[in-house]
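Below is one structure, written out as structure tokens; the observations come after it.
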Amino acid sequence: MTEKPDTNPKTPLRKGFLRSFVRWLAIGVVLLWSLAALSLLAARWIDPPSTAVHIQRHLQAWIHHTPYHERYKFIPLGQISPHLQHAAVAAEDARFYQHHGFDWHEIEIAAEDDLESDRTRGASTITQQLVKNLFFGTGRSILRKGAEFTLVPVAEFVLGKRRILEIYLNVVEWGPGIYGAESACRYYDGTAARNVGREQAARLAAILPAPLKRRPERMNNYSARILERMSQMGW
């Protein structure tokens with residue numbers, strides 16, 4: 001009994017299309033990653049004109065037909081009060097100057113909290129948050145985490161701690177349409193970022209985890225904990 005010839009020409013066409021799609025998808029991913037890496041390299045000298053979070057908030061306001069006014073002014077780290085620098089590190093990433101982009105101790109604690117269904121803290125470092133702000137916005141996904149995981153070492157290598165902190169404090173969201181330390185200090189306290197005192201710096205840092213919901217004047221308990229951490233860290 002002879003075998004029947006394959007009379008379905010669509011099968012090889014489908015396989016060819018699938019291979020071509022996967023190949024071009026891989027090329028696209030590599031190109032996008034390379035563009036992000038080059039952007040980080042450029043950020044060593046060029047202040048970011050905008051971020052993914054800025055663009056996301058603009059789009060959300062446009063979609064929902066809500067008023068939106070952006071306050072964003074990039075200033076050198078030397079013009080940001082040391083109190084605010086220290087408060088942000090104490091609040092968001094206490095081992096910022098010790099790790100190389102990932103705080104594995106905090107990641108372990110967060111994983112244990114997840115297993116116990118008692119998640120009370122995050123594990124993202126300032127470097128991770130910066131990469132997320134610049135390229136991915138506020139959304140969460142496995143793909144975003146994977147891309148972030150590969151870009152964080154690049155940021156640490158090409159930028160260094162001082163530049164990472166400088167960019168972070170200038171682009172991070174501090175309220176609706178409020179980005180960066182200078183805009184936040186002007187908006188909440190009517191003063192320049194260089195003039196913010198220790199207590200108010202702690203109150204400003206306290207709103208960073210949820211900037212659209214929190215206000216500095218309501219952050220009595222958390223700001224007190226931040227001040228305590230600053231003292232423990234020698235600040």
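Basis for what follows: all heavy atoms, side chains included, without hydrogens, waters or symmetry-related copies. Keep in mind it's a predicted model, so treat the numbers as computed, not measured.
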Smallest separation among heavy atoms of [X] and [Y], with atom names:
X	Y	value
Phe74	Pro48	CE1-CD, 3.7 Å
Met219	Ile207	CG-CG2, 3.8 Å
Ala193	Cys185	CA-SG, 3.6 Å
Thr125	Asp103	CG2-N, 3.4 Å

Hey, are the side chains of [X] and [Y] touching, using non-hydrogen atoms and a 4.5 Å cut-off?
X	Y	value
Gln200	Pro216	yes
Tyr179	Val53	yes
Pro76	Glu166	yes
Tyr72	Ser50	no
Val154	Val131	no
Phe149	Phe102	yes
Ser39	Leu134	no
Asp47	Asn170	no

task: Please name all residues satisfying salt bridge (Lys or Arg N to Asp or Glu O under 4.0 Å) with Arg186, sequence neighbours left out, ordered by chain then number.
output: Glu182

message: Could you work out, with salt bridge (Lys or Arg N to Asp or Glu O under 4.0 Å) as the rule, every residue matching Glu228, not counting sequence neighbours?
response: none

Can you list every salt bridge (charged side-chain N to carboxylate O under 4.0 Å, His left out) pair that touches [range], not counting sequence neighbours?
range	value
residues 208-224	Arg215-Glu217
residues 62-88	none
residues 196-208	Glu199-Arg203
residues 49-66	Arg57-Glu173

query: With sequence neighbours left out, what residues match Asp93 under side chain to side chain donor-acceptor pair (under 3.5 Å)?
result: His99

Set of side chain to side chain donor-acceptor pair (under 3.5 Å) partners for Gln129, sequence neighbours left out: Glu92, Tyr168

Quick one: [atom1] on [X] to [atom2] on [Y], what's the gap to the nearest 0.5 Å?
X	Y	atom1	atom2	answer
Asn133	Thr138	CG	OG1	9.0 Å
Met230	Ile226	CE	CD1	8.5 Å
Ile75	Ile80	CD1	CD1	4.5 Å
Asn195	Asp189	CG	CG	10.5 Å
Phe135	Leu35	CZ	CG	8.0 Å
Ile167	Arg162	CD1	CZ	12.0 Å

field: Connected-component partners of Leu59 among ILVMFWY, side-chain separation under 4.5 Å
entry: Ile55

message: Tell me which pairs pass side chain to side chain donor-acceptor pair (under 3.5 Å) where either residue lies in residues 146-158, with sequence neighbours left out.
response: Trp33-Thr150, Thr127-Glu156, Gln128-Glu148, Arg144-Glu148, Glu156-Lys161

message: I'd like to check the side chain to side chain contact (heavy atoms under 4.5 Å, CB included) partners of Trp24; sequence neighbours left out, ordered by chain and number.
response: Ser20, Ile27

message: Between Ser183 and Gly180 (side chain of the first, backbone of the second, donor and acceptor by atom type, cut-off under 3.5 Å), is there such a pair?
response: no

field: Donor-acceptor contact present, side-chain Ser231 to main-chain Leu227, <3.5 Å
entry: yes

task: Using the side chain to side chain contact (heavy atoms under 4.5 Å, CB included) rule, take Leu151 and Phe136 through it: C-alpha gap first, then chi angles, then the decisive distance, then the call.
output: CA-CA 11 Å; Leu151 287 169; Phe136 304 111; 4.0 Å; yes

- prompt: Which pairs, with at least one residue in residues 77-96 and sequence neighbours excluded, count as a ring-ring contact (aromatic ring centres under 6.0 Å, His included)?
  reply: His86-Trp235

